[in-house]
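Comments concern the structure below.
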Amino acid sequence: MNVTDTIADALTRLRNALHAKRSVVVIPKSKTVLRLVAILKQEGFVEDFITKRSGIHEEIHIALKYDTEDKPVISDLTRVSKPGRRVYCAKDEIPEVMGGLGVAILSTSKGVMTSRDARKQGVGGELLCTIY
């Protein structure tokens, strides 16, 4: 299966696994998706992740995180910039998600990073997705 939008595919797999109350989800590895998952771990949205080789393909195994009442820590995952409609924002136009409770993830000239890091470094970029 050839997926053209690996980020949307990864977000959909995460969303579906959370709705199904899975403890682990497997996503095909790409550099951007790996960085996105690393940001999710850094921001406390997922428990942990590892990469595994499955034949010729590499996969990311993500341990999902739930609160004490078995509700997913992630309430919403939204893909903003899509292959058919790219969304860019300048350094002073970076949105704040849920009043700072959520995270916007951008692809900048300095790599994939959170909105907070992009503001700190003074760079804008393509707004990939928002998570809260």
Side-chain angles (χ1 to χ4, degrees):
M1 187 171 92
N2 194 4
V3 177
T4 56
D5 189 0
T6 55
I7 297 168
D9 179 58
L11 295 177
T12 300
R13 287 176 188 235
L14 275 167
R15 203 177 298 114
N16 291 344
L18 289 166
H19 285 300
K21 301 267 191 247
R22 298 260 189 252
S23 58
V24 175
V25 63
V26 178
I27 297 174
K29 182 184 170 198
S30 76
K31 285 182 184 178
T32 308
V33 171
L34 183 63
R35 181 66 187 125
L36 185 107
V37 171
I39 289 171
L40 290 178
K41 182 179 186 311
Q42 168 193 318
E43 296 293 322
F45 287 112
V46 297
E47 222 35 79
D48 205 359
F49 69 94
I50 56 168
T51 58
K52 287 186 181 177
R53 182 169 289 282
S54 172
I56 59 169
H57 301 288
E58 280 193 81
E59 301 170 330
I60 306 169
H61 292 249
I62 305 166
L64 301 174
K65 195 173 186 179
Y66 297 91
D67 66 10
T68 54
E69 295 160 15
D70 248 8
K71 290 183 182 164
V73 171
I74 298 172
S75 305
D76 186 56
L77 289 162
T78 307
R79 178 77 159 114
V80 179
S81 189
K82 301 172 182 163
R85 181 177 174 269
R86 299 291 183 185
V87 178
Y88 296 94
C89 48
K91 62 182 178 185
D92 53 344
E93 297 172 346
I94 299 170
E96 202 170 89
V97 181
M98 291 291 288
L101 296 175
V103 176
I105 298 178
L106 291 94
S107 177
T108 70
S109 57
K110 296 182 179 179
V112 176
M113 62 181 70
T114 65
S115 51
R116 194 178 317 110
D117 292 339
R119 274 190 217 96
K120 227 180 269 176
Q121 294 188 26
V123 293
E126 183 181 354
L127 185 57
L128 298 178
C129 61
T130 59
I131 299 153
Y132 64 88

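In this structure, CD1 in I105 is found 5.0 Å from CG in L40, a value given to the nearest 0.5 Å. Rounding to the nearest 0.5 Å gives a distance of 11.0 Å between CG of L11 and CG of N16. Atom OG1 of residue T130 and atom CE of residue M98 lie 10.5 Å apart, to the nearest 0.5 angstrom.
In this structure, the side chain of S54 does not engage the main chain of H57 through any donor-acceptor pair within 3.5 Å.
At a threshold of 4.5 Å between side-chain heavy atoms, the hydrophobic network of Ile, Leu, Val, Met, Phe, Trp and Tyr places V80 and I7 in two separate groups. Residues F49 and L77 share a single hydrophobic cluster, defined by chaining ILVMFWY side chains whose heavy atoms lie under 4.5 Å apart. Y66 and V73 fall within the same hydrophobic cluster, where Ile, Leu, Val, Met, Phe, Trp and Tyr residues are linked whenever their side-chain heavy atoms come under 4.5 Å apart, directly or through other members. In the hydrophobic clustering of ILVMFWY residues, with side-chain heavy atoms under 4.5 Å counting as a link, I50 and I62 come out apart. One hydrophobic cluster, built from ILVMFWY side chains closer than 4.5 Å, holds both I39 and I131.
A salt bridge links E58 with R53: the distance from a Lys NZ or Arg NE/NH1/NH2 to an Asp or Glu carboxylate oxygen falls below 4.0 Å.
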Next item on the list: List the steps and the verdict of side-chain contact (heavy atoms from CB on, under 4.5 Å) for L128 and R79.
Entry: CA-CA 6 Å; L128 298 178; R79 178 77 159 114; 3.9 Å; yes
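Under the 4.5 Å side-chain criterion, counting only non-hydrogen atoms from C-beta, R35 is not in contact with S107.
By the 6.0 Å contact criterion, NZ on K21 is enclosed, its count of non-hydrogen atoms from other residues, nucleotides or ligands being greater than 12.
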